[in-house]
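Within every chain, numbering begins at 1; the chains are lettered A, B, ... in the order of the sequence lines, protein sequences first and strands thereafter. What you see is a predicted model, and the numbers here were worked out from it, not measured in a lab.
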Protein chains: 2
Amino acid sequence: MGKPTVHDIAKEAGVSLATVDRVLNARPGVRDKTVERVQAAVQRLGYVRDTFAANLARQRQYRFAFVLPEGESQFVGTLKAALVEATEAQMAERVSVRVVPVPASDPHSVVRALNALPVPLLDGVAIMTPETPQVRDAVARLKAAGVPVVALVSDLPNSGRDHFVGINNISAGSTAGVLMGRFIGAAHGKVLVVTNSMLARDSIERRLGFDSVMAASFPGLTVLPSIESRDDPERMVAVIRHAVAAHPDLAGVYSMGSGNRGLLQALRETGRIRDLTVIAHELTPLTRQALLDGEIDAVITQNVGHLVRSALRVLRAKCDGVGIFEAQERIRIDIVIRENLP
Amino acid sequence: MGKPTVHDIAKEAGVSLATVDRVLNARPGVRDKTVERVQAAVQRLGYVRDTFAANLARQRQYRFAFVLPEGESQFVGTLKAALVEATEAQMAERVSVRVVPVPASDPHSVVRALNALPVPLLDGVAIMTPETPQVRDAVARLKAAGVPVVALVSDLPNSGRDHFVGINNISAGSTAGVLMGRFIGAAHGKVLVVTNSMLARDSIERRLGFDSVMAASFPGLTVLPSIESRDDPERMVAVIRHAVAAHPDLAGVYSMGSGNRGLLQALRETGRIRDLTVIAHELTPLTRQALLDGEIDAVITQNVGHLVRSALRVLRAKCDGVGIFEAQERIRIDIVIRENLP
DNA sequence: AGGTTTCTGAGGTACGTCAATCAGAATGCC
DNA sequence: GGCATTCTGATTGACGTACCTCAGAAACCT
């Protein structure tokens with residue numbers, strides 16, 4: 001015989017359909033003893049709610065908002081593309097997504113945008129912004145309003161967010177460190193570390209992981225203090241030029257954040273890009289080409305497709321009050337070299 | 001207003017519901033001109049079939065069989081576990097899976113098992129077996145009977161399988177090669193390559209990729225002829241012991257297939273496991289522990305969760321006659337070191 | 001015992017699609 | 001024009017669950 005339905009449960013438990021429904025949907029008005037009887041029947045028959053039918057009957061709609069940094073970052077661009085692709089594929093499953101661009105560098109605008117979200121028309125929010133106390137408060141407000149919230153790419157701990165979809169950046173930094181040390185091979189040399197901003201949580205954590213590995217496993221390599229480009233390509237070119245000139249024994253460059261365009265351009269100018277071991281983050285058209293050209297040796301990345309699909313799955317699960325399948329939601333730290341480019 | 005339904009399409013096209021249904025489900029009995037009218041309406045309104053309702057009404061059942069090698073291989077074990085996990089998660093989506101274990105080394109039994117599949121009760125088959133002409137024929141028979149077939153892990157080209165779920169093993173070998181060369185660092189040395197069988201398609205392809213990279217990029221390193229363990233741990237121990245003794249300048253070991261237990265044990269015995277750069281395939285409890293212990297330097301793997309989920313998605317898509325979302329189904333070649341262990 | 005509150009049963013409608021029926025319209029053919 | 005054939009319309013009943021109402025049963029209080 002086929003899968004058990006609510007009717008079978010009702011018969012098995014010796015109660016009516018209405019009672020089974022009340023128990024399954026945690027509605028009030030059922031005695032504890034009866035609840036137990038129903039749950040026992042569910043167990044015995046191995047009943048699983050038919051999500052197709054349930055979603056149909058419930059007229060469920062998943063309206064999500066993705067709060068993403070505006071601007072021309074390639075990483076955010078690929079993320080958005082993946083989001084569009086994923087939502088198109090899920091349109092048949094009643095998922096609709098609205099992207100809310102925010103100026104990530106202006107905390108006030110971010111908070112204003114978060115507070116301006118049309119809460120009653122939203123079933124979930126994914127947020128990718130730097131962590132500030134005000135953002136934490138805004139997230140807490142969303143949560144209080146009953147809207148599930150996931151942090152995307154960069155975590156918002158202590159904000160009450162339901163879930164973090166992204167990688168462990170300390171591990172990512174350690175991974176970069178090991179590759180850097182082993183790829184350089186030489187016993188001695190200097191390593192340059194660049195990022196757009198050391199204020200971002202990601203960069204701090206990556207540097208932490210990177211340093212600990214370098215200190216522990218490659219004591220002969222000297223890691224220079226972080227250089228910040230502050231989202232300014234010209235500044236990047238200038239500081240790189242200076243650093244390369246100042247350290248003739250420079251062996252590697254670790255780019256922790258965005259701004260790879262300026263970095264690569266600057267390194268090309270020095271004429272030493274091929275001799276250096278260059279490791280960057282996030283696979284984008286730019287870094288992909290640099291990998292193919294042999295300018296970048298390895299990219300540490302997270303699959304944007306997984307990121308958005310995981311975020312959507314988690315938000316849906318939170319809406320349904322269902323548990324999530326942890327193993328599937330763990331975003332891996334991908335190592336990409338020319339040979340395993342996807 | 002909400003999403004358009006079949007009723008809206010009917011109104012828009014000026015036809016009845018029945019006609020819309022016939023067009024949508026490619027049933028006969030509609031004039032070409034009317035078909036076009038309906039399709040135009042679908043386009044105009046942006047109608048997308050509600051899969052929840054469709055699957056409910058259709059009483060769709062996806063009954064799949066996974067033909068997997070029997071035996072105690074850790075990789076197959078993790079694959080099975082992932083399969084169980086995935087099907088449990090999809091139970092609510094009417095997917096049921098039966099695992100059919102076959103003695104992979106005996107082509108006749110494999111073919112017998114394939115031919116014994118209860119075709120009328122099956123909606124799709126995933127097959128992970130070595131490629132032989134008889135297997136190709138059996139797959140062709142399944143296809144002829146209208147059963148979608150996907151090849152899993154190891155491809156079955158020219159068999160008419162609908163899809164291959166797995167990695168490009170030439171690239172996997174190249175990836176291993178680059179890591180081997182760069183991790184060794186030294187200009188000279190020997191590299192041992194071991195596998196259980198050089199008859200398997202995977203091993204041949206991996207060796208191909210590995211050799212081409214080593215020859216092109218690391219000419220100082222000498223790659224020794226492949227050693228086959230033939231699934232015999234004792235033989236593995238013996239040949240490893242011999243090889244290590246014969247080549248004092250051995251710098252690395254590349255394990256292309258299974259049999260890592262015997263390999264690690266043999267290498268431990270020689271006392272040189274820490275000095276050697278060891279690269280293996282497939283992340284299993286064994287290789288994971290070896291990574292943590294610093295015995296293996298890197299593992300090239302494919303995520304078993306992705307493998308089975310992709311196989312299930314593709315089979316479902318083939319059943320529904322729907323296209324697949326290529327980007328999501330491309331299985332990546334994962335590089336795992338201690339620091340980015342998932 | 002009476003009344004009040006808390007549970008439960010029975011029954012219905014709806015969700016969007018599939019699948020089937022049957023009658024009627026349009027078309028093609030001679 | 002008559003007839004057979006091919007299309008089309010209108011209608012209906014599933015599918016499994018959600019959610020609502022209303023009446024009646026059971027338990028609880030004084």
Side-chain angles (χ1 to χ4, degrees), chain A residues 1-39 41-42 45-62 90-96 123 319-322, chain B residues 1-39 41-42 45-62 90-95 319-322:
Chain A
M1 76 163 223
K3 290 162 46 122
T5 73
V6 274
H7 294 85
D8 301 325
I9 300 293
K11 234 181 294 167
E12 175 81 10
V15 299
S16 82
L17 218 65
T19 304
V20 173
D21 178 66
R22 285 190 267 259
V23 172
L24 288 180
N25 296 289
R27 267 187 277 277
V30 184
R31 231 176 324 171
D32 290 2
K33 229 173 57 187
T34 316
V35 171
E36 279 169 33
R37 268 227 313 283
V38 173
Q39 283 171 341
V42 168
L45 298 186
Y47 167 81
V48 262
R49 192 203 233 91
D50 186 318
T51 43
F52 290 144
N55 284 321
L56 178 60
R58 205 193 305 241
Q59 273 292 78
R60 201 161 209 354
Q61 281 224 58
Y62 302 95
Q90 305 215 338
M91 245 210 304
E93 278 146 49
R94 294 193 151 82
V95 176
S96 63
D123 302 297
C319 286
D320 295 346
V322 188
Chain B
M1 76 162 220
K3 291 160 46 115
T5 73
V6 273
H7 295 85
D8 301 325
I9 300 293
K11 234 180 295 168
E12 175 81 9
V15 300
S16 83
L17 217 63
T19 304
V20 174
D21 179 65
R22 286 189 266 259
V23 172
L24 288 180
N25 296 289
R27 266 188 278 275
V30 184
R31 229 176 328 174
D32 291 1
K33 229 174 58 189
T34 316
V35 171
E36 278 169 33
R37 267 228 313 283
V38 172
Q39 282 171 343
V42 167
L45 298 186
Y47 167 81
V48 264
R49 189 202 234 94
D50 187 318
T51 44
F52 291 144
N55 283 319
L56 178 60
R58 204 194 305 244
Q59 274 295 79
R60 196 144 204 17
Q61 280 224 60
Y62 302 96
Q90 304 216 340
M91 248 214 299
E93 279 148 49
R94 295 193 152 79
V95 176
C319 286
D320 296 346
V322 189

(message) We want to know whether A:N25 and A:R49 form a side-chain donor-acceptor pair, criterion being a heavy-atom distance below 3.5 angstrom.
(response) yes
(request) Among C:dA19, C:dG16, C:dC15, find the nucleotide with the atom closest to the side chain of B:D21. (result) C:dA19
(message) Just the rounded figure in Å: distance from C1' of C:dT17 to CZ of B:R22.
(response) 15 Å
(request) Measure the shortest side-chain to side-chain distance between A:E12 and A:I9 over non-hydrogen atoms and say whether it is less than 4.5 angstrom. (result) no
(message) Listing request: all salt bridge (charged side-chain N to carboxylate O under 4.0 Å, His left out) pairs with a residue in residues 25-38 of chain A, at least two apart in sequence or in separate chains.
(response) A:D21-A:R27
(message) From CG of B:L24 over to C1' of C:dC18, roughly how many Å is that when rounded to an integer?
(response) 11 Å
(request) Indicate the atoms forming the closest heavy-atom contact of A:V38 with A:V20, along with that distance. (result) CG1-CA, 4.4 Å
(request) Ignoring hydrogens and angles, answer whether the base of C:dG16 and the side-chain atoms of B:R58 contain a donor-acceptor pair closer than 3.5 Å. (result) no
(request) Measure from the side chain of A:A18, starting at C-beta and using heavy atoms only, and say which of C:dT21, C:dG9, C:dC7 lies closest. (result) C:dG9
(request) Can you tell me the distance, in whole Å, between the CG atom of B:L56 and the P atom of C:dT17? (result) 12 Å
(request) Treating a pair as Watson-Crick (purine N1 to pyrimidine N3 plus N6-O4 or O6-N4) or G-U wobble (N1-O2 and O6-N3) with both distances under 3.5 Å, list the stems of 3 or more consecutive pairs that involve DNA chain C. (result) C:3-6 with D:25-28, C:8-30 with D:1-23
(message) Is any side-chain heavy atom of B:T5 closer than 4.5 Å to one of B:D50?
(response) no
(request) Please report, rounded to the nearest Å, how far the C1' atom of C:dC15 is from the CZ atom of B:F52. (result) 12 Å
(request) Search all heavy atoms of A:A41 against all heavy atoms of A:A13 and return the closest pair with its distance. (result) CB-CB, 3.8 Å
(request) For B:K33 and for A:A54, find the nucleotide of DNA chain D with the closest heavy atom, then tell me which residue's nucleotide is more 5'. (result) B:K33
(message) Side-chain N or O of A:T19 versus OP1/OP2 of C:dG9: is the shortest distance under 4.0 Å?
(response) yes
(request) Between B:A53 and A:L17, name the one whose nearest nucleotide on DNA chain C is closer to the 5' end. (result) A:L17
(message) How close do A:L56 and B:A53 get, counting heavy atoms only, and between which atoms?
(response) CD1-CB, 3.7 Å
(request) Indicate the atoms forming the closest heavy-atom contact of A:C319 with A:Y62, along with that distance. (result) CB-CE2, 4.0 Å
(request) Go through DNA chain D in 5' to 3' direction and return only the first and the last nucleotide with some atom under 4.0 Å of chain B's heavy atoms. (result) D:dC7 to D:dG16
